[in-house]
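For reference, the structure is listed below as structure tokens.
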Amino acid sequence: MYTRKNQRDLTRSERRRFVDAVLELKSSGRYDEFVQLHREFYVTDGEDRPRAAHMTPSFFPWHRRYLLEFEKALREVDGSVTVPYWDWTRDRAPDGPLWADDFMGGNGRSGDRQVTSGPFAHESGRWTLGSTSGVPFLTRNLGRPADPVGLPTQKELDGALKDGVYDADPWNSLATKGFRNRIEGWGIRSAGRPVALHNQVHRWVGGAMAGAASPDDPVFWLHHAFLDLVWGRWQKAHPRSGYQPAAALPRDHPEAGRVFALRERMPPWDVAPSALLAHDGVYRYA
């Protein structure tokens, strides 16, 4: 079993080895395959096809498996590397260590929002986005100063963790109760905010993180590792509240065949949420 650490606790060597492994995946072409996979499975409520990754109960188990596949690829490059997590309730400054030149790199410049510092700057010659991204360089707009957005607070996260229901009908972005949608941040949000929590962080980073190709920004993995940790906290707080829906939806339900019940296998790995409810024996969080 290995350990995923808070990014603020990484040693200089651990930061370097993580960055180097990510860059190696990029140079081999494997990194862009992960980006394309996320784009492929970013299916919205309005699309008439199965929806495993977003706006759906399987948001947490799908991304757990996605993270595990990415982490496996990293560890094939360097067996000491794991995916760190970014606790955005604590590390909230756009000029904090997370965004240092030896780690995630800084904010995008004014105008085109191009990231020009750090290992993932296009000018480094090692980080060119795929053709579907519109531009070849990584972009960010931390905090979106022209139309400010803040990071979620500890109070907001605690509020989501108190919801003892995992998910609820209609099992999509419009669900008005349930931990999953409180965290994913669509239909349940604070007054005056168009999105919340998970979505709010994507919007705060901006640029590449604001779209379906969000893994183009390596901070994506740190964000989702923290969400994976949060799911584990919720499970411990509500041990009698399991994944929902537990059984396949009735055929006449509008979401039948589009969302995944506890034992229905999710693409592209042909694995059910029931197989991803725990990570004991694989990794732990420090």
Side-chain angles (χ1 to χ4, degrees), residues 1-39 41 61-88 90-91 96-106 115-130 133 136-138 140 201 205 208-209 213-232 268-269 271 275-276 278-286:
M1 184 167 67
Y2 55 83
T3 300
R4 292 179 180 172
K5 297 173 66 174
N6 190 322
Q7 57 83 25
R8 61 160 51 195
D9 297 326
L10 296 177
T11 66
R12 182 175 298 180
S13 174
E14 287 170 333
R15 289 158 70 97
R16 177 181 55 79
R17 294 179 81 121
F18 175 76
V19 167
D20 286 349
V22 171
L23 290 172
E24 177 59 31
L25 289 186
K26 183 70 169 178
S27 67
S28 72
R30 295 186 70 187
Y31 192 95
D32 287 348
E33 292 175 2
F34 282 102
V35 177
Q36 180 56 35
L37 183 64
H38 193 267
R39 291 186 74 255
F41 284 93
W62 192 93
H63 280 87
R64 173 167 286 175
R65 180 59 183 264
Y66 184 51
L67 274 166
L68 280 167
E69 292 293 327
F70 179 69
E71 195 166 47
K72 177 183 177 183
L74 289 176
R75 290 171 64 80
E76 288 171 356
V77 173
D78 184 338
S80 74
V81 170
T82 62
V83 176
Y85 64 92
W86 169 28
D87 180 350
W88 26 257
R90 298 178 65 191
D91 294 298
L98 173 64
W99 310 106
D101 287 350
D102 69 341
F103 200 35
M104 291 294 104
V115 173
T116 58
S117 63
F120 307 112
H122 183 253
E123 293 177 353
S124 73
R126 304 187 69 183
W127 202 259
T128 298
L129 304 195
S133 302
F137 48 80
L138 178 62
R140 291 181 183 138
V201 174
V205 176
M209 269 281 277
S214 49
D216 268 328
D217 191 331
V219 81
F220 170 95
W221 307 103
L222 284 68
H223 172 36
H224 274 272
F226 183 56
L227 296 174
D228 186 75
L229 181 158
V230 166
W231 182 25
W269 308 289
V271 62
L276 292 159
H279 55 78
D280 299 348
V282 181
Y283 60 89
R284 61 181 287 271
Y285 285 103

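Just so it is clear, the structure is predicted and the values come from calculations on it, not from any experiment.
- In this structure Phe70 satisfies the ring pair (Phe, Tyr, Trp, His ring centres under 6.0 Å) test together with Tyr31, Phe34, Trp221, sequence neighbours excluded.
- What you find for Leu276 and Pro61 is that their closest heavy atoms are CD1-O, 3.4 Å.
- Ser80 meets the side-chain hydrogen bond (donor to acceptor under 3.5 Å, both in side chains) test with Arg17, Asp78; sequence neighbours excluded.
- Between the CG atom in Leu74 and the CZ atom in Arg30 there is a gap of 9.0 Å [rounded to 0.5 Å].
- The CG atom of Leu138 sits 4.5 Å away from the CG atom of Asp217 when rounded to the nearest 0.5 Å.
- Atom-to-atom distance recorded for Leu67:CG and His224:NE2 is 7.5 Å, nearest 0.5 angstrom.
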**Request:** Go through the steps to decide whether Val19 and Phe103 satisfy the test side chain to side chain contact (heavy atoms under 4.5 Å, CB included), and finish with yes or no.
**Result:** CA-CA 7 Å; Val19 167; Phe103 200 35; 3.9 Å; yes
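- Listed by chain and number, the residues in a ring pair (Phe, Tyr, Trp, His ring centres under 6.0 Å) with His122 amount to none (sequence neighbours excluded).
- With Lys5 contributing its side chain and Thr82 its backbone, the two residues share no donor-acceptor pair below 3.5 Å.
- In plain terms, the two heavy atoms of Ala21 and Val81 that are nearest each other are CB-CG2, 4.2 Å.
- The existence of a salt bridge linking Asp102 and Arg12 is excluded, since no basic side-chain nitrogen approaches an acidic carboxylate oxygen closer than 4.0 Å.
- Between Ala225 and Pro84, the closest heavy-atom pair is CB-O, 3.5 Å.
- Checking side-chain atoms of Arg140 against main-chain N and O of Gly106 turns up a donor-acceptor pair under 3.5 Å.
- Separation of atoms CZ (Arg15) and CG (Asp9) is listed at 11.0 Å; rounding is to 0.5 Å.
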**Prompt:** Going through the checks in order, is the side chain to side chain contact (heavy atoms under 4.5 Å, CB included) test met by Glu71 and Tyr2?
**Reply:** CA-CA 11 Å; Glu71 195 166 47; Tyr2 55 83; 2.5 Å; yes
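- Distance CG/Asp32 to CG/Leu25: 10.5 Å, rounded to 0.5 Å.
- Counting only heavy atoms from C-beta outward, the side chains of Pro218 and Phe18 never approach each other to under 4.5 Å.
- Proximity of Trp99 to Val205: side-chain heavy atoms (C-beta onward) are separated by under 4.5 Å at one or more points.
- Listed by chain and residue number, Thr3 satisfy the side-chain hydrogen bond (donor to acceptor under 3.5 Å, both in side chains) test with Arg284 (two or more places apart in sequence, or in another chain).
- Judged as a side chain to side chain contact (heavy atoms under 4.5 Å, CB included), and not counting sequence neighbours, the contacts of Asp91 are Asn6, Gln7, Arg8, Trp86.
- Here His279 contributes atom NE2 and Asp228 contributes atom CG; the two are 5.5 Å apart, rounded to the nearest 0.5 Å.
- Contact check for Ser214 versus His38: side-chain heavy atoms found under the 4.5 Å cut-off.
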**Request:** Show your reasoning for whether side chain to side chain contact (heavy atoms under 4.5 Å, CB included) applies to Leu98 and Leu222.
**Result:** CA-CA 10 Å; Leu98 173 64; Leu222 284 68; 3.7 Å; yes
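- Side-chain contact between Leu227 and His63 is absent, with no heavy atoms from C-beta onward closer than 4.5 Å.
- The shortest side-chain heavy-atom distance between Arg64 and Leu68 falls under the 4.5 Å cut-off.
- For the pair Arg4 and Tyr283, the distance from NZ or CZ to the six-membered ring centre is under 6.0 Å and the angle to the ring normal is within 45 degrees.
- Phe120 is linked by a ring pair (Phe, Tyr, Trp, His ring centres under 6.0 Å) to Trp127, counting only residues two or more places apart in sequence or in another chain.
- Screening Trp231, Phe226, Tyr85 against Tyr285 for a ring pair (Phe, Tyr, Trp, His ring centres under 6.0 Å) leaves a single residue, Tyr85.
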